[in-house]
Amino acid sequence: MQIYNTLERELVEFVPRDQGAVSMYVCGATVQARPHLGHGRYAVVFDVIRRYLSWLGYDVTYVRNVTDVEDRIIAAANERGIDTQDVVEQSYKDFAEAYRLLRVEEPTVEPWATEHIDDMIDLIGTLIGKDYAYVANGDVYFAVRSFPEYGRLSRQNLDDLRAGERVEPEEHKRDPLDFALWKAAKPGEPSWESPWGPGRPGWHIECSAMARRYLGDDFDIHAGGHDLIFPHHENEIAQSEAAFGTVFARIWLHNGMMNLGGEKMAKSTGNVVDLLEVLSLHEPTAVRLLYLRTHYRKPLDFTQEALDDAEASLQRLWAFRRRVEGPVEDPPDAEAMARFRAAMDEDFDVAGGLGVLFDVVRDGNRRLDDGEDIGGLIAVFDEIMGMLALDERSDGVADLADLIGEIAERHGAAANVDALLDRREQARTSGDFEAGDSIRDELAAIGIVVEDTADGARWHRR
RNA sequence: GGCGACGUGGCCGAGUGGCUAGGCAAGGGUCUGCAAAACCCUCUACCCGGGUUCGAUUCCCGGCGUCGCCUCCA
């Protein structure tokens, strides 16, 4: 299997540290506000990579952190006049709900930054002890120029960086490029005791501390958004490798940004689409498919057309599966399965894999029309759809039963769709098409599509 | 200014040194009381200019364009 490693800027053969197991760390969200579409993308894209590795048989340890102490959380709390804890709690709930709707699997471990302050303090102490970091007025900074490898990930030359133009006046850095490991407490901010006085951790240190705690040194995959390459991931490498003298992460994966109107979606610019809103207006699985249609490393422009497109193609997939009832016993068609794997093995080319899936659908439909048995293709289909977690709808329309009940009452049927369809059939055979059509229309109005087939009427949700 | 990515048919979007990716839309058809849904068929593209090659959308060089990072960011 080949994976694109940002560190090398090329495809590398994947060889895990421990045979049969994969250790993976993903930079999760800073819980400061509601998630936008970009957050959904990183979550889904790395979820699929994780699922694929598991599907291949690897025992995957998947760590995704929660940043619950950070400048923007404090800013959000001040702005709204509430406690930082309330900001964190609400935002975390929103993220969790979005992940659930998108069918993102729970991480193996979900460490919270504030629960690992001791680990961070230890790490900072080690860095100071090795002269990679220094204390200044209660702050602790990492001395970038003490780490010769600095800039390797982002291909940046220290002298070319434009940092320093925005150094805050209260900072006491020796070099403008130095970054904070520990920030001295300010009034009204959450703080913890430390050997350097009360304060709170800088942003980058948490990932170094938590990744090491749960995955050790030299773990397999570190993933995150493309915008994290510099400075976040660059700084993580510097901290970890300076402190422990070992390789931090072997492979770095970065997902492309979600764009809106051709420009990056980011809260700071207001150029965002609210994720939970989209998920409430559209089938979440279609949003998942939207993310998956584009290779994870490329930018993805969000448009209504693109989402409608994804929704329509998802309907095609589901419609195919509806043509064959129940699970199949047959072994998956080997050729199709191999084509799918070949695509996925080349840097997780999910879009290419979806092409294989649609080939299976077309081929399957054709052979079904000819009255052939297509168990082997259905098995492939189920395998792939299950692996990608596209196999079922994921919304929570709870009041659908009530709506069906209302319709049933009007037509004197039992309160379920099948009874209504029986009713419609009676009406049609007695020539009362008006009554029959009315049932059909009313069901359509609540999102239930009636299909008349050679074997009678069937229904499904739109 | 430095670093980097990308430019594929109406739209979206994989991939490849020579052999129709795929999806959506559109057009045609099958089915049907009507309709819908569903299914089938059709639609042969790779920014521009050089170069390498028997042959380039695919490799190399240059240009143009779009975007990202260099400040918080998935």
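Everything quoted here is computed from the prediction, not taken from an experiment.
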- Query: Taking for each residue the nucleotide of RNA chain B with the nearest heavy atom, is it A/Y4 or A/A306 whose nucleotide lies nearer the 5' end?
  - Reply: A/Y4
- Message: Taking the nucleotide of RNA chain B with the nearest heavy atom to each, does A/F320 or A/K267 sit closer to the 5' end?
- Response: A/F320
Same-atom distance ([atom1]) from [N] to [M], integer angstrom:
N     : M     : atom1 : answer
B/U66 : B/U30 : P     : 49 Å
B/G15 : B/A56 : C1'   : 15 Å
B/A35 : B/G22 : P     : 31 Å
B/U16 : B/G29 : C1'   : 34 Å
B/C48 : B/C12 : C1'   : 24 Å
B/G7  : B/C60 : P     : 14 Å
B/C40 : B/A74 : C1'   : 42 Å
B/C43 : B/G9  : C1'   : 9 Å

Heavy atoms from C-beta onward define the side chain here; which of [options] lies closest to that of [X]?
X      : options             : result
A/D160 : B/G2, B/A14, B/C3   : B/G2
A/L228 : B/C39, B/A74, B/U71 : B/A74
A/R9   : B/G4, B/G23, B/G2   : B/G4
A/D309 : B/C34, B/C67, B/C11 : B/C11
A/A319 : B/C39, B/C67, B/G2  : B/C39
A/F230 : B/C39, B/C69, B/G23 : B/C69
A/R424 : B/C70, B/A35, B/A74 : B/A35
A/R323 : B/C39, B/A14, B/U71 : B/C39
A/S313 : B/C67, B/G33, B/G23 : B/G23
A/R72  : B/C34, B/C72, B/A74 : B/C72

By the 4.0 Å heavy-atom rule, please label [X] as base, sugar-phosphate, or nothing.
X      : answer
A/Q156 : base
A/D437 : base
A/G262 : sugar-phosphate
A/G225 : sugar-phosphate
A/R458 : nothing
A/E263 : sugar-phosphate
A/D369 : sugar-phosphate
A/V450 : base
A/H36  : base
A/G436 : nothing
A/S268 : base
A/H295 : sugar-phosphate

To the nearest angstrom, how far is [X] atom [atom1] from [N] atom [atom2]?
X      : N     : atom1 : atom2 : result
A/D432 : B/G33 : CG    : C1'   : 12 Å
A/F358 : B/C12 : CZ    : P     : 17 Å
A/N365 : B/U30 : CG    : P     : 18 Å
A/L292 : B/C24 : CG    : P     : 16 Å
A/R366 : B/G22 : CZ    : P     : 10 Å
A/E451 : B/A38 : CD    : P     : 7 Å
A/R362 : B/C40 : CZ    : C1'   : 11 Å

Backbone N or O of [Y] within a donor-acceptor pair of the [X] side chain at under 3.5 Å?
X      : Y      : value
A/E8   : A/E10  : no
A/R423 : A/H411 : yes
A/D274 : A/L276 : yes
A/D178 : A/V144 : yes

- Would you mind checking if A/D452 and A/R424 are paired as a salt bridge, meaning a charged N to carboxylate O distance below 4.0 Å? yes
- Is the shortest side-chain N to carboxylate O distance from A/D86 to A/R80 below 4.0 Å? no
Now, which nucleotide makes the Watson-Crick or G-U wobble pair with [N], with each of the two distances under 3.5 Å?
N     : value
B/C19 : none
B/U52 : none
B/U57 : none
B/A26 : B/U42
B/G33 : none
B/U66 : B/A5

- Tell whether A/R440 reaches the base of B/C34 with its side chain through a donor-acceptor pair below 3.5 angstrom. yes
- Message: Is it the case that the base of B/G68 and the side chain of A/D227 share a donor-acceptor contact (distance under 3.5 Å, atom types as modelled)?
- Response: no
Taking only the side-chain nitrogens and oxygens of [X], find out if one of them lies under 4.0 Å from OP1 or OP2 of [N].
X      : N     : answer
A/R316 : B/A38 : no
A/K298 : B/G7  : yes
A/N255 : B/A74 : no

- Take A/V69 and A/I73 through the test side-chain contact (heavy atoms from CB on, under 4.5 Å) and record every step on the way to the result. CA-CA 7 Å; A/V69 53; A/I73 295 172; 5.6 Å; no
- Message: Which residue is it: A/K264, A/R41, A/K267? I am looking for the one with a salt bridge (Lys or Arg N to Asp or Glu O under 4.0 Å) to A/D227.
- Response: A/K264
- Message: I'd like to know whether A/W252 forms a side-chain contact (heavy atoms from CB on, under 4.5 Å) with A/I229, so could you lay out the CA-CA distance, the side-chain angles of the two residues, the decisive distance to 0.1 Å, and finally the verdict.
- Response: CA-CA 9 Å; A/W252 289 82; A/I229 294 174; over 6 Å; no
- Item | Identified ring-ring contact (aromatic ring centres under 6.0 Å, His included) counterpart of A/H204 within the set A/F230, A/W182, A/F248, A/F179 | A/F179
